[in-house]
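First listed ligand is number 1; within each ligand, the first listed atom is number 1. Because only heavy atoms are used, hydrogens play no part in the values below, and waters and symmetry mates are left out as well, while side chains stay in.
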Amino acid sequence: MMTLAEELKGRLRVAFEACGIEGAALERVGVGSATDLRFGDYQSNAAMVIAKQAKQNPRALAEAVIEKLDVAGLAEMEIAGPGFLNFRVPPETFATRVKEMSRDERLGVSRVAVPERITLDFSAPNVAKPMHVGHIRSTIIGDSLSRIGRFLGHEVITDNHIGDWGTQFGMVIWAWKKELNRDDLEKDPLGELLRLYRIANEAGKADETLREACREELVKLQQGDEENHKIWTECVGYSLRGLERMYERLDVSFDHWMGESAYNDRLQGVIDSLMEAGLARESSGALCVFSSGEGKPEADPFQIQKKEGWENNPMIVRKSDGGFNYATTDLATIDFRVEKWGAKKILYVVDHRQGLHFRQLFDVARRRGHEDVELVHVSFGTILGKDGKPLKTRSGDLPQLEDVLNDARDAARITIEERSKLEDSGEKDDLAELIGISAVKFTELSHHRMSDYVFDLEKMVALEGDTAPYLQYSYVRVRSIFRKVEGEIDLKGAAVSLTEDAEVHLARMLIRFAEVLPVVLGDYRPNLLATYLLELARAFHSFFEACPVLKAEEAQRNSRLVLCETTARVLKKGLSLLGVAVPERM
Ligand code: ARG
């Protein structure tokens with residue numbers, strides 16, 4: 001189904017063409033939803049943009065365009081200010097649109113005309129350390145992008161590039177050999193692995209020889225040492241089981257789990273090809289890639305500004321001890337994804353602090369011949385504690401994801417005790433788990449990914465506010481109307497007619513669903529969908545207060561039931577695209 005905005009845009013293009021506009025200028029004709037409803041429902045600044053380029057009078061162009069514009073039955077037109085074209089949509093148009101949408105399985109959302117194959121690299125925790133809250137943003141944003149991408153018709157390949165080959169293994173193996181407690185390992189594997197990691201980490205802080213010893217263990221592992229490999233296999237096995245449990249709880253899954261270790265055999269090849277191409281050279285014992293020398297130093301990831309001026313900031317691909325790097329593995333990973341999966345576009349959902357790594361990586365990948373692969377760092381900010389500093393536990397560690405989820409569940413349980421009509425304690429437990437996890441996810445997705453946000457459990461699980469429970473409650477409220485309907489009603493044949501302002505507004509919001517979704521992928525911003533759903537829920541509550549549904553006479557009742565049903569479907573579908581499920585009762 002074409003959205004109303006697309007339909008209007010199509011008509012507008014025809015009118016611009018009739019006024020002699022063509023080529024690139026015509027491509028600039030766009031229509032978006034108006035920011036201020038007082039001026040209409042949709043708006044276009046095309047006349048201004050195009051007139052400016054052509055050094056014409058924008059208002060005169062706008063007037064000429066309106067002369068030629070045929071939007072009869074869809075909208076009424078007005079010119080505002082210097083040449084804005086405002087479209088005011090009459091209730092009948094909204095009514096027809098909602099009716100069509102209600103009949104459509106996809107709620108009016110079309111599949112993209114040209115599906116892309118998108119490789120999505122997200123979550124990627126480091127094994128042998130439990131997943132911590134920092135990985136939560138990547139996991140939740142990545143999962144939502146994959147759901148939205150697939151719904152829009154793209155081919156999305158999800159890959160959990162777990163850190164199962166890095167520095168931490170040198171540390172864990174070193175401590176394993178000295179301090180392993182077998183009993184504890186059986187009882188609480190992740191806890192024991194974390195303890196080992198911490199022993200090495202603490203001891204290494206003031207002791208360079210110990211850090212050296214850990215690095216040696218890592219190099220031995222990477223070079224195939226049998227004992228180290230055995231320890232590693234055991235560690236990874238335990239960790240994966242712990243991770244899988246977590247993903248199950250989060251309802252997140254992956255097509256592939258190609259961890260860093262999977263690329264070990266390719267690393268030497270990457271080094272060889274870098275040498276052959278003259279891209280890497282030795283510097284103080286390490287093998288490095290330096291700047292290509294193109295472009296300004298400000299934009300060059302291989303240069304860094306120091307007091308004395310610009311200095312080289314190379315990407316190290318082989319350390320002086322012979323060990324390979326995170327970057328080497330990432331280069332091999334790109335080769336693999338291109339070769340095996342035909343990757344044309346790879347998204348990395350990773351913390352903004354890795355920005356430099358990715359700028360260097362993308363540049364080297366391009367110089368190695370992957371110019372036609374679109375590589376994107378979908379970065380995000382930091383989760384803060386109530387003190388405004390990065391979230392930490394009382395002991396100063398990064399909080400473990402599992403603890404965070406348990407706390408969220410417990411906070412939700414308290415709200416449920418206070419507010420829910422449910423009686424059964426088992427049902428309340430299930431609801432608490434659902435709401436707790438949803439609250440964490442939705443809070444994440446309702447913020448712009450680049451902004452830092454404060455992790456406030458109480459706020460997140462509240463029924464009022466911009467929260468998951470508010471939306472879930474809205475859904476349950478709509479559904480409850482249908483439980484009170486007496487007898488059979490066939491809504492398929494029902495006509496939609498809109499009389500009250502509140503119902504017009506609900507319809508206006510409903511049809512926006514199909515307009516919002518494609519924009520989300522434009523800049524990888526699920527928060528646009530989250531914000532939209534909140535607005536829709538508010539529109540529903542206003543409608544429900546102003547307009548009787550079950551007490552209205554039959555034709556109006558059925559028309560309003562169509563609005564209710566469509567609202568419930570959009571809420572449920574929209575939330576599911578954010579990875580949030582809805583309960584039927586709460
Ligand atoms: N394991 C890394 C970390 O926790 C994230 C990996 C992201 N993906 C990648 N291809 N580099 O920091």
Please confirm whether Y348 and F122 have ring centers closer than 6.0 angstrom. no
Could you check, using the six-membered ring where one of them is a Trp, whether Y247 and W257 have ring centers closer than 6.0 angstrom? yes
So W341 and F336, would you call those rings parallel, tilted or perpendicular, with 30° and 60° as cut-offs? perpendicular
Taking all atoms of both residues into account, what is the closest heavy-atom pair of G163 and F169, and its distance? O-CE1, 4.0 Å
In terms of atom number and element, which parts of ligand 1 are under 4.0 angstrom from non-hydrogen atoms of H161? 8 (N), 9 (C), 10 (N)
For the aromatic rings, using the six-membered ring if either is Trp, is the centroid distance between H352 and F380 under 6.0 Å? no
With atom 1 (N) of ligand 1 as the reference point, say which of N126, V350, D121 has the nearest heavy atom. N126
Out of all atoms in ligand 1, which are within 4.0 Å of some heavy atom of Y348? Include the element for each. 10 (N)
What residue and heavy atom of the protein are closest to atom 6 (C) of ligand 1, and at what distance? Y326 OH, 3.2 Å
Tell me the closest heavy-atom pair linking L361 and M315, and the distance in Å. N-SD, 4.1 Å
Does ligand 1 have an atom that lies less than 4.0 angstrom from a heavy atom of F358? yes
When you measure from atom 12 (O) of ligand 1 to every protein heavy atom, which one gives the shortest distance, and what is it? Q354 NE2, 2.8 Å
Any N or O of H357 closer than 3.5 Å to N or O of ligand 1: no
Please report whether ligand 1 has a polar contact with P125, defined as an N or O pair separated by less than 3.5 Å (distance criterion only). no
Any N/O pair D330/ligand 1 closer than 3.5 Å: yes
For P469 against M460, the heavy-atom pair lying closest together: CD-O, 3.5 Å
heavy-atom search around atom 4 (O) of ligand 1 in the protein gives H135 NE2, 3.0 Å
